[in-house]
Amino acid sequence: MRRKSPLYESKVEYGGWTINHVQGCAHGCRYPCYAMMLAKRTGRVKSYEEWCRPRAVENALELLDAELLRFATRIDSVHLCFTTDPFMYDAEVGGPVAEVVDLTTRIIERLNERGIGVTTLTKGVYPEDFGERTRSLSPRNQYGLSLVSVSEAFRLQWEPGSAPLAARIAAARRLAEAGQRTWASIEPYPTPNIDPSSENVEPLLEAVSFVNSIVFGRWNYSKLVSSSPDLKGHYARAAQSVASWCDIHGKTLHIKKGTPLSDRYVADVLGADPDEADDRVSERRKVRADASCAERRAS
Ligand code: SF4
């Protein structure tokens, strides 16, 4: 398939410039996937089955080169992707979809050559040799994994085509161990009636303890979620646990709007300068620590 323009500025809460070089996604998430709903609404795909058969945009590199001539000076960083998965998994083969991963890697190279940093997010796996390949890429890049549960039963039901959790975690960990900056998206975080393991978020946090930054957000717009007993309490406890854990372990944290504590944990996790986000977090952590000391002294 061909497109007219793959690069655009996203309105997503922690977004910015993004590129979508693939239509569809083999992971077939059933939360549901907003990208699939949008593709259906605009007539680009007709069914869930069609969405799960991804098609790369054939002229993506050609278009990107042309667009970078126009936009490069305005762009600090690009996120891959909001409407597909850049390191898509092929559940039948048990490994990455080679065509997608190859195109993604070439796009990252093109952007980095122009001095533009890249953030990625996947429910797939980074290939075994990707750590080696990242050595020639920008150190400003951040490689993300999406993980909302530690339960394989949950994954099979809600993210049926995605990579097994252990493989997903191991692949991101390899990049962290190779010295790359990594982050985790924990969103949409489920309720216990959907995933009993969501009662305690700590095992999930420990599973991604190697990352630099975390984005946390509740699950929205679902009858199942809104029928969960003690919905408010569940998300208040989960958000507090994530915030405390990130404070203790020195992780940059952004909590999405609509989730408890979102007003206190705002970080430009996907921003052009990740160190800047870390500095702001350290500053906020210090302010919170000072405030709690003052409270203890007053009591
Ligand atoms: S991985 Fe992302 S783009 Fe792919 S189906 Fe799941 S939610 Fe949609």
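Order of listing sets the numbers, starting from 1, for every ligand and every atom in it. When a residue number appears, it is its place in the shown sequence, counting from 1. These numbers come from the heavy atoms of this one structure, side chains and all, not from hydrogens, waters or symmetry mates.
- Electrostatic pairing of Glu50 and Arg53 does not count as a salt bridge here, judged by no charged N lying under 4.0 Å from a carboxylate O.
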Exercise answer: donor-acceptor pairs, residues 171-180 side-chain atoms, under 3.5 Å, sequence neighbours excluded:
unit_1	atom_1	unit_2	atom_2	d
Arg174	NH2	Tyr126	O	3.1
Gln180	NE2	Thr134	OG1	3.3

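- Applying the under-4.5 Å side-chain rule to Ile, Leu, Val, Met, Phe, Trp and Tyr, the cluster around Tyr34 extends to Met37, Tyr221.
- Ordered by chain and number, Cys29 SG make up the set of protein N, O or S atoms under 2.8 Å of atom 6 (Fe) of ligand 1.
- Every atom of ligand 1 is numbered from 1 in the order shown, and the set under 4.0 Å from a heavy atom of Trp51 is 5 (S).
- Ring centroids of Tyr235 and Trp219 are separated by 6.0 Å or more, keeping the two rings apart.
- Applying the side chain to side chain donor-acceptor pair (under 3.5 Å) test to pairs two or more places apart or on separate chains, those with a residue in residues 90-104 are His21-Thr104.
- Salt-bridge annotation for Asp195 and Arg155: absent, with no side-chain N of the basic residue lying under 4.0 Å from a carboxylate O of the acidic one.
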